[in-house]
Amino acid sequence: MAERRTAEKKIAYPTIDERSARGNEARTRTPPSGHSGWKPAVDRPDPVALLAEQDVTREPDLVPVRHGRMMASPFTFYRGAAAVMAADLKDTPVAGLDAQLCGDAHLSNFGLFASPERRLLFDLNDFDETLPGPFEFDVKRMAASFMIAGRNNGFSRADARAATRASATAYREAMAGFAQMPTMEVWYAHLDEDELMRAIRHTVAGTKKATKGDKKEPKAAKKDSKQEAKLARLAEKRAEKTREKAHTRDSLQALSKLGELVDGSYRIVSQPPVIVPARDLAATFGLSPDEVVPVIHDQFRAYRATLQDDRRRLLERFQFVDAARKVVGVGSVGTRAFIVLLQGRDAQDPLFLQIKEATSSVLEAYLPKSKYRQHGERVVQGQRMMQAASDIYLGWTKGLDTRRHFYWRQLRDMKGSVLVEDMTPLGLTFYARTCGWTLARAHARSGDPVAMATYLGDSDAFDKSITDFSERYADQNEQDYEEFVKAIRAGRLEAVEGV
């Protein structure tokens with residue numbers, strides 16, 4: 001094995017054979033089939049207590065909103081319960097092959113967004129919990145989300161399992177492909193809108209072909225095939241509509257939704273508790289109205305300093321107009337999140353930025369802590385490592401309270417997402433394959449695809465064991481959800497629904 005020393009660390013350059021041997025050693029240590037048979041630990045923490053512990057540092061008026069969004073269904077509960085699953089994953093088998101983790105790779109944290117070249121890409125899009133760690137953590141978080149979503153949509157057990165298994169199979173097969181690629185080819189790999197639509201059309205065409213089938217096929221089976229083909233065409237239309245809608249979601253469109261014209265100038269609308277403009281926030285943070293704007297200006301200057309020179313100079317062409325607190329997501333609700341309205345050449349040249357609080361990753365309680373002391377930087381650097389292309393305005397700051405960390409990005413940059421609740425079994429399975437490929441590509445950038453591909457192997461043992469884990473974890477998630485709802489009904493937790 002060749003080596004080179006730098007001022008910071010020793011860099012190793014193992015051969016292909018040595019990397020493959022590492023994967024084989026991992027197979028011996030933790031067989032791919034060994035992820036099945038999951039059971040909760042005897043000393044498993046109370047999931048409600050874990051969630052309540054997170055609430056302590058969150059905005060008190062928004063904590064009930066978070067609980068209300070999580071109690072909508074077992075699926076929304078799962079989305080907000082990354083801390084609960086992190087506590088469970090720490091006791092699961094791992095191969096000892098690490099990569100940069102998303103940390104919260106459930107299916108709703110994948111979606112469309114614009115590359116700097118203005119092409120829509122499909123990728124992971126949430127990195128609040130990112131941290132290096134065992135690749136299986138992300139795979140299990142992703143796969144279990146498909147099992148839970150399938151149940152939430154009322155799918156049969158077979159259909160929910162099929163989608164779940166498809167995500168694991170796609171991950172394994174994609175990693176095998178990345179193991180054969182040159183290093184730079186792995187780094188440049190991506191899934192853009194044209195490739196995605198081609199894959200959707202290919203799936204729909206295959207479904208149409210299947211409807212013709214065997215002339216001797218029973219009438220009931222033919223009827224089912226025709227219905228599946230009809231649903232596939234509907235899914236294709238929805239995908240095209242999602243793509244078209246994403247192209248319209250930019251700062252100008254956001255201005256029409258979030259801005260109002262007052263005395264010839266734009267400002268952010270007030271829609272409490274979801275949107276609370278800076279002019280109404282003074283009491284919340286113990287500042288007088290005259291102090292709020294200077295604090296935001298100071299934060300804006302500090303953020304600009306974290307950008308590379310060309311992007312900082314570009315941003316300096318925009319002037320500050322207004323800011324507001326804006327509630328986002330499910331699990332993030334209660335952490336501090338803001339939007340900032342900037343103006344370029346005139347009022348019709350807006351730029352909206354989003355500021356999100358970055359707390360410690362839920363994985364840091366069980367894995368080595370991040371090398372980045374500033375959690376905003378941890379999120380930004382993890383995102384850059386995992387995404388095929390990242391927002392040009394990613395940056396970070398500390399808050400007025402220096403114990404609070406934030407990261408900045410564009411609020412709407414052609415972002416698009418699927419409505420999981422409307423998916424058919426065929427659509428969810430297709431989406432599962434897409435997410436599995438995408439997660440493998442993200443892991444291959446920072447991990448060792450040769451070692452991981454060797455570990456995963458050519459058989460379906462890994463796929464089966466991950467599906468078994470996901471089914472068992474979905475059962476546990478339903479029990480946790482019921483305990484969560486009971487805690488709300490009993491007054492242990494407060495919840496506000498429908499916000």
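Bear in mind the structure is a predicted one, so any value in this text is a computation, not a measurement.
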Query raised in the report: Do S470 and I466 touch side chain to side chain, with heavy atoms closer than 4.5 Å?
Result: yes

Between [Y] and [X], is the closest basic N to carboxylate O distance under 4.0 Å?
X: D123; Y: R445; value: no
X: D468; Y: K464; value: no
X: E240; Y: R201; value: yes
X: D126; Y: R79; value: no
X: E357; Y: R58; value: no
X: D475; Y: K39; value: no

**Report entry** Contacts of D98 that satisfy salt bridge (Lys or Arg N to Asp or Glu O under 4.0 Å) - sequence neighbours left out
**Finding:** none

Query - Neighbour count >12 (heavy atoms, 6.0 Å) for atom CZ, R489 - result: no

Requested in this report: Compute both the distance and the angle, then confirm whether R378 meets the cation-pi test with Y407: under 6.0 Å from the six-membered ring centre, within 45 degrees of the axis.
Outcome: no

Residues [X] and [Y]: side-chain donor-acceptor under 3.5 angstrom:
X: Q54; Y: R66; answer: yes
X: Q410; Y: D391; answer: yes
X: Q299; Y: T397; answer: yes

Requested in this report: Could you tell me whether the side chain of Y473 and the main chain of D88 form a donor-acceptor pair under 3.5 Å?
Outcome: no

Query raised in the report: Quick check: does any side chain N or O of T434 sit under 3.5 Å from a backbone N or O of F430, one acting as donor and the other as acceptor?
Result: yes

List the atom pairs, donor and acceptor, that lie under 3.5 Å between side-chain atoms in residues 415-428 and the rest of the protein, sequence neighbours left out.
from: T424; atom 1: OG1; to: G427; atom 2: N; distance (Å): 3.2

